[in-house]
Peer 1: 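Before anything else, here's the structure in question.
Quick note on labels: first sequence line is chain A, next is B, and so on, each numbered from 1. Note that these values count all heavy atoms, side chains included, but never hydrogens, waters or copies made by symmetry.
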Amino acid sequence: MGTLELIQLNLLSPVVLAFFLGMLATLVRSDLKIPDELYQALSVYLLLAIGLKGGVELAASSPGDFLLPAAGALALASAIPLWSYIILRKVGRLSVPDAAAIAAHYGSVSAVTFLATLAFLSALEIPYEGFLPALLAIMEVPAIIIALVIARANLPGRTSWGEVLHEILAGKSIVLLLGGLAIGYAVGREGFAAVEPFFVTPFHGVLALFLLEMGMVAAQRLPDLRKAGPFLVAFAIVMPVLHGLIGVFVGNWVGLSLGGSVVLGVLSASASYIAAPAAVRLSLPEANPTFYLTTSLAITFPFNLAVGIPLYYAFAKFIL
Amino acid sequence: MGTLELIQLNLLSPVVLAFFLGMLATLVRSDLKIPDELYQALSVYLLLAIGLKGGVELAASSPGDFLLPAAGALALASAIPLWSYIILRKVGRLSVPDAAAIAAHYGSVSAVTFLATLAFLSALEIPYEGFLPALLAIMEVPAIIIALVIARANLPGRTSWGEVLHEILAGKSIVLLLGGLAIGYAVGREGFAAVEPFFVTPFHGVLALFLLEMGMVAAQRLPDLRKAGPFLVAFAIVMPVLHGLIGVFVGNWVGLSLGGSVVLGVLSASASYIAAPAAVRLSLPEANPTFYLTTSLAITFPFNLAVGIPLYYAFAKFIL
Amino acid sequence: MGTLELIQLNLLSPVVLAFFLGMLATLVRSDLKIPDELYQALSVYLLLAIGLKGGVELAASSPGDFLLPAAGALALASAIPLWSYIILRKVGRLSVPDAAAIAAHYGSVSAVTFLATLAFLSALEIPYEGFLPALLAIMEVPAIIIALVIARANLPGRTSWGEVLHEILAGKSIVLLLGGLAIGYAVGREGFAAVEPFFVTPFHGVLALFLLEMGMVAAQRLPDLRKAGPFLVAFAIVMPVLHGLIGVFVGNWVGLSLGGSVVLGVLSASASYIAAPAAVRLSLPEANPTFYLTTSLAITFPFNLAVGIPLYYAFAKFIL
Amino acid sequence: MDLKLLKLVTIVAEAVISDKIVREIKELGATGYTITAAEGQGSRGVRASEWEGKNMRIETLVGEAVSEAILQMLATHYFPNYAVVAYVEDVRVVRGDKYV
Amino acid sequence: MDLKLLKLVTIVAEAVISDKIVREIKELGATGYTITAAEGQGSRGVRASEWEGKNMRIETLVGEAVSEAILQMLATHYFPNYAVVAYVEDVRVVRGDKYV
Amino acid sequence: MDLKLLKLVTIVAEAVISDKIVREIKELGATGYTITAAEGQGSRGVRASEWEGKNMRIETLVGEAVSEAILQMLATHYFPNYAVVAYVEDVRVVRGDKYV
Ligand SMILES: Nc1ncnc2c1ncn2[C@@H]1O[C@H](COP(=O)(O)O)[C@@H](O)[C@H]1O
Ligand SMILES: Nc1ncnc2c1ncn2[C@@H]1O[C@H](COP(=O)(O)O)[C@@H](O)[C@H]1O
Ligand SMILES: Nc1ncnc2c1ncn2[C@@H]1O[C@H](COP(=O)(O)O)[C@@H](O)[C@H]1O
Ligand code: NA
Ligand code: NA
Ligand code: NA
């Protein structure tokens, strides 16, 4: 299958189309409203479900298989915010807080993009390692911390690091992901069976509903594209592609399967919009939310969802 | 099976009983509360699910089978508000805005009554055409527009038709129904399989929960029955029966199966209480909500749910 | 299996671990928030689902099997508040309203503990009577009424008993449980099949999500342990064990199976935190909520969940 | 604009008694009320969820006499045992005659 | 503290018209607004759910002239046919020059 | 009725800082507060969902000195970088001595 055919196949999935339906609803100014409480409920469900399933699989895999990919993921999550910051400062001429804020988002990861990738791989019937959710958890936090450290080193004033670290590590996505991983690991495949019909079977459908909401949110950000300016728009498309290819390459190199390499590529390419915005808003209030939310939510997320995932997959197939 | 036995069979379904449990909860002044957000979440789910499944089936049916039934549905949805308006004005002596508002409701359709009918047919193992959700979508809008045009033609003042049309066409039920239809059509049976465990398997149970809430809402309207007066109460029972029989007849005539004719009958008989009230409240604020909500929600909806559906089915069997 | 092994097996279930994850989230002051609306939605779902399934099973069992256990349950629910009140007054030296309030909670029952027990029995593949949810419903109300009567007999002022009775009998847990039982009974196994994929299949998973929330709530109460004092802490552990053993014993005596006896033990041991708090707050406002909520929610509930259930089971196996 | 000076009485009370309070203020002559769900903290601790019991924030536009009666009723029936706060202020209301 | 005396206009209106009201108060010169979801009861009966139509409670800090214009607009466009209540009071606002 | 004249301070702030603000107003001497969830729009754009960050509407009944301190604290810590609005008004409170 060529890349274009892959993109087409990807676009014609209910999950991706639900996203565009959500965008459309906002663009035609529909009165459709997904209550915030539903959004919160769905995100609790998705994060816990990812964790649980990952934990069960982790328990079934040998630790040796896991170590090298974990190191690779950690390296990517540490390097990406560094070079992103430099580019944003030097090329984009952004202020210190804005550059650090965006670097934090692009170094961290998007759980929903991760899930859409698994859905894509499932549709192609391509297997992947069970411990991938653990990589997701590993890659969520470091970039945010690194970016905040950079910002503070270059800004006057002091930060209460205790508070910042707490904010990130006790954030709901980490608690649910790691908590789910631990529970899944502890109960194993047998104990998990009782809750599987709730946490696995309807999963893709819930994801479609969630993406309907994400589409509405992303579309609300579209008018801000103009405020972001051409450099940031380009950044939000070029960097994901770069990170995606590097991620696939590293994945291949640390011994991940085809599917696993694609997922590491996607994780690298994706930008956070759950953990990072909350942490950055509290710890770097000088940074303009329009910049980091618009790039990650309104450009990079839809780009990865529609084009990025099949692209990284095509690249992975090419180099394998 | 006689009509009475059918009614009994219908009454003893979890979906219908849940409705009466909801009524009972309100009548005994229980503190049971279905949060508004849950109601909204369930309605998003139900509308999207109807659309998706309909789209998948539509893709599998040939366009030729669909054209004549679509024309029939459109004709019914256009004629019903006309004669309803005349009867409400001439026989009921209602004011122009009240007559037009009620005509809009009875010309439009109720998605939940539609679903209860499919549940009824499934229980009897009677097949029906897959494209029926498309008829639901077709019949939702025209009656509302026609009734508003009538009202404006007979009232002083100007309407901003752009706003009204937008209100109706970008309303959440149309966006979700048509959006779901489009997605279902695009992804086909294979693509749909991934989300089927969420959008199809638990569907009837979700419907039961939704009807629990509907029962509570309908019962809250019961005290308004006295305000509505005997004419409107009679209207809210006689007209559905009339429309139901005409709908079955037309269904049969345009070549629908037994199941499909019953559904067209139910669509004709049912009154809207999602799309129509919102549109009418905005565009015809002079109309009294007590009248149109009480008739459609507290009389016609329970009547169709409990008695109408099996009645129209019995008639359909009789004429076939 | 020894008691310790049973406890371990019980602790390693997703349902119990989700509870502790919730506690942990609160203890590390995570920003994880389960919206109140989700909590309400889940509790409506769980109560209705218990009722429905119980009703279906009740229809399948012969009334003769049910009468004696029902009488036993009623006797327990009436006796427990009496002796609890005396102990709280004489040994604990609590005020009349506080003693009566706590007696009401411990005489009534916890639906969630009941569910966790069914999950435990399922994991061990131990059968139980289908009509047990009816016992749950029977045991919910009497203790609350008895405790309020005691309080009013020993306090100045008059109570509007009509209001109190209404508050309890029209409370959401009774309406949903009895309503579900009635619907399940009426539709039978065949009619239930249509909604089973929603009300049964995902049930354990929903319970896990609910317990995540319960864990957060229970942990929020932990700081109040000090205010409760050593007597109440001891009461909240010793009395459940006592009631649990008595309940198992009575269950055995009235002819329940091993599984059924365990459940009757758990029902006796459990303390209400849905029906009782609401009724007590309205009818006995002089009672301090810190005492009755902390004991029932922060001590007895986790104790039964983690240790009580396997303990009563071990006892039941021992005496059978 | 023709505005009428009225009293705005705001009551923050635990949810479990809000229905009763609403019934009583209507009996005392209030022609309407507006309720928003609220969380809060006071002398009786945090009230922020179903379990702690949420609060309701009840507002009613009334004449001077009715406002007095409402505050009196709250002080007698609810202040001793329930979490309640109440305050009153002057506001100017459009079509104010509707509310007295 | 440097506080500025402004008008706080509070509007309780049925949800179906709240978007339109917000648009109009912005056109009349309000620089911002705050909305909370509310239930209520008045001359048009109970408004407490999706079906009865919830209420929205809209607050806006404005200067005297804008407050007059807003109340006038409500009286003309909405009072005849919709469930609306509006009142105005004096408040002292931090950084108040932002809002006029 | 025995009513005490107090200050009602209302703060509308983005949700992400509401916990911190509550902590600080308690430290400054507020004995309680009431919070409602709100949406809004101001100089920093629309705030109406999880993503834009909702607002919280915090109310606290305090004495004059505490009200001054709270406004001062807001002006120093939050006004420069966060979406915050604050205003103060006079209200008469039942059992008002509880709150000072
Ligand atoms: N000083 C205050 N300012 C604003 N609201 C308060 C204050 N004190 C108490 N409240 C509210 O009134 C409720 C009951 O107060 P209390 O009875 O003192 O616990 C609290 O939960 C708050 O919502
Ligand atoms: N006297 C009142 N005090 C406070 N709010 C009121 C009052 N009257 C009406 N309202 C609010 O305004 C809405 C519309 O009022 P109405 O048009 O009179 O039905 C009601 O649903 C209440 O939320
Ligand atoms: N003029 C105003 N009247 C009422 N609320 C306002 C006003 N301006 C701002 N707000 C509220 O304060 C929040 C923050 O305002 P800002 O910092 O100006 O964006 C907004 O989201 C609104 O909820
Ligand atoms: Na990344
Ligand atoms: Na119709
Ligand atoms: Na008990």
Peer 1: Please report the closest heavy-atom contact between A:R29 and B:H166, naming both atoms and the distance.
Peer 2: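 It is O-CE1, 3.1 Å.
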Peer 1: Report, as yes or no, whether the 6.0 Å neighbourhood of atom OH on B:Y185 holds more than 12 heavy atoms from other residues, nucleotides or ligands.
Peer 2: no
Peer 1: Please name the pair of heavy atoms, one in B:Q40 and one in A:K33, separated by the smallest distance, quoted to 0.1 Å.
Peer 2: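 Result for this residue pair: OE1-O, 4.1 Å.
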Peer 1: Under the side chain to side chain contact (heavy atoms under 4.5 Å, CB included) test, which residues partner A:S30, sequence neighbours left out?
Peer 2: A:A25, A:V28, A:L32, B:A170, B:V175
Peer 1: Where on A:L12 is there a heavy atom nearer than 4.5 Å to chain B: the side chain, the backbone, both, or neither?
Peer 2: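 Backbone plus side chain of A:L12, per the 4.5 Å heavy-atom cut-off to chain B.
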Peer 1: Pair B:V44, A:L212 - check side chain to side chain contact (heavy atoms under 4.5 Å, CB included), show working.
Peer 2: CA-CA 10 Å; B:V44 168; A:L212 181 71; 4.2 Å; yes
Peer 1: Could you tell me which portion of B:L48 (side chain, backbone, both or neither) has an atom closer than 4.5 angstrom to a non-hydrogen atom of chain A?
Peer 2: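 Contact with chain A is through the side chain of B:L48 alone.
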Peer 1: For A:A208, is it the side chain, the backbone, both or neither that has a heavy atom under 4.5 Å from a heavy atom of chain B?
Peer 2: side chain
Peer 1: Go through B:G171, B:S173, B:A186 and name the one with the most non-hydrogen pairs under 4.5 angstrom from chain A.
Peer 2: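 Of the options given, most contacts go to B:G171.
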Peer 1: Working to the nearest 0.5 Å, report the span between CD of B:E167 and CG of A:D31.
Peer 2: 6.0 Å
Peer 1: Of all the residues in residues 194-206 of chain A, which have a heavy atom that comes within less than 4.5 Å of a heavy atom in chain B?
Peer 2: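 Hits under 4.5 Å: A:T201, A:P202, A:H204, A:G205, A:V206.
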Peer 1: For the residue pair A:P35 and B:A41, what are the closest heavy atoms and their distance?
Peer 2: CG-N, 4.5 Å
Peer 1: Can you tell me if A:L320 has over 12 outside heavy atoms packed within less than 6.0 Å of its CG?
Peer 2: yes
